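Below, read A as the first sequence line, B as the second, and so on, with proteins coming before strands; counting in each chain starts at 1. Here the structure is a predicted model, which is why all the values come from computation and not from measurement.
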Amino acid sequence: MAKGFSLMTWNVNSVRARLDNVLTYLDEHEPDVACLQETKVENALFPRVPFMELGYQVALNGTKGYAGVATLVKGQKPVDVQLGFAEGPEDKHKRILALTYEGVRIYNLYAPNGTALGSEAFAYKLDWFARLRGELDARFGPSDEVVLCGDFNIARDARDTWSVESMKGGTHFTPEEHAALDALENFGLHDCFRKFDDAPGRFTWFDYRGGSWEKKHGLRIDYVYATAPATERCTEVVHDWEPRAWDEPSDHVPVVARFADT
DNA sequence: ATGGTCGATGTTCGA
């Protein structure tokens, strides 16, 4: 018997710049676990107190001014916290934080952006996904309850772009990135949102530039992936566009999933 | 038309 819970993932693009928005959202929605990406702050300067006042305990993997993830757990101490990859060279960009909640291993992920085709950063992105698949192989089986959520910086298929044409020549929609995501899925992971909704245009990110939000020109790059037993427990995944319309928004929207009792 | 707007940092960079 494991208790049901709600899981939010949100790339907040600086937790300090977005503090009021994030606190407002957590206060209204009270997710049991909240995975934040792009916190852009070293651990010592993370604003722990206002989250603790909302009842959250905080697990941090941040660095100065760039990238960084944080996982907030409501009313419980974070269990079996892992920062970065389990093995091999350090994840120096601070993009991974895993913990266990109600029997589920929850990975909070901020995949590398990739910057430009042919760049070192693009090669690093592909290698990062390969290492992630390797870690799953080494530590879990597809019958374990594992959830990977966060900003994957890849649009999975044409429905997840506002225009395939606009993606040409850039990152986030290349054969190499799709192969990397396929390899991850082939471990035995399911795209939970697509269990409930197969429509195009269900975006999670809208560029600050060029009036993308007003035109609804976005991408779906934030995901909740789960192994089969966890996917069976998943009863809902919502992309909440409301905070994208608030003042001083993140360019990403929160994604909230619900997992049932077992 | 290779633009544009953020955030952290420092007079650019990554996204």
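- In 5' to 3' order, the nucleotides of DNA chain B bounding all contacts with chain A (an atom under 4.0 Å from a heavy atom) are B:dG4 to B:dA15.
- As judged by a 4.0 angstrom heavy-atom cut-off over every strand, A:Tyr110 is placed among residues touching the sugar-phosphate backbone only.
- Ion pairing between a basic and an acidic side chain is recognised when a charged N comes within 4.0 Å of a carboxylate O; A:Asp191 and A:Arg220 show such pairing.
- If you take atom C1' in B:dA15 and the same atom in B:dT9, they sit 15 Å apart, rounded to whole Å.
- Backbone-only engagement by A:Arg95 is indicated by non-hydrogen atom pairs under 4.0 Å involving sugar-phosphate atoms exclusively.
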TODO: Check step by step if salt bridge (Lys or Arg N to Asp or Glu O under 4.0 Å) holds for A:Asp198 and A:Arg194.
DONE: CA-CA 6 Å; A:Asp198 64 2; A:Arg194 289 306 188 196; over 6 Å; no

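- Both the sub-6.0 Å distance and the 45° axial angle are satisfied by A:Lys216 relative to the ring of A:Trp213.
- When the options A:Asp151, A:Thr71, A:Thr9 are evaluated for a side-chain hydrogen bond (donor to acceptor under 3.5 Å, both in side chains) with A:Asn108, the one that passes is A:Thr71.
- At a cut-off of 3.5 Å, with distance as the only test, a side-chain donor of A:Asn13 or A:Lys40 sits close to an acceptor on the other residue.
- Comparing the P positions of B:dC6 and B:dG10 gives an interatomic distance of 22 Å, to the nearest angstrom.
- For the P atoms, the distance from B:dA1 to B:dT11 is 34 Å, rounded to whole Å.
- By the side-chain contact (heavy atoms from CB on, under 4.5 Å) test, A:Asp144 pairs with A:Phe140, A:Val146, sequence neighbours left out.
- The residue among A:Lys40 and A:Asp251 whose nearest nucleotide of DNA chain B is located toward the 5' end is A:Lys40.
- Between A:Tyr66 and A:Gly210, the residue anchored nearer the 5' end of DNA chain B, judged by the nucleotide with its closest heavy atom, is A:Gly210.
- Counting any heavy atom pair closer than 4.0 Å across all strands shown, A:Thr115 reaches sugar-phosphate atoms only and no base atom.
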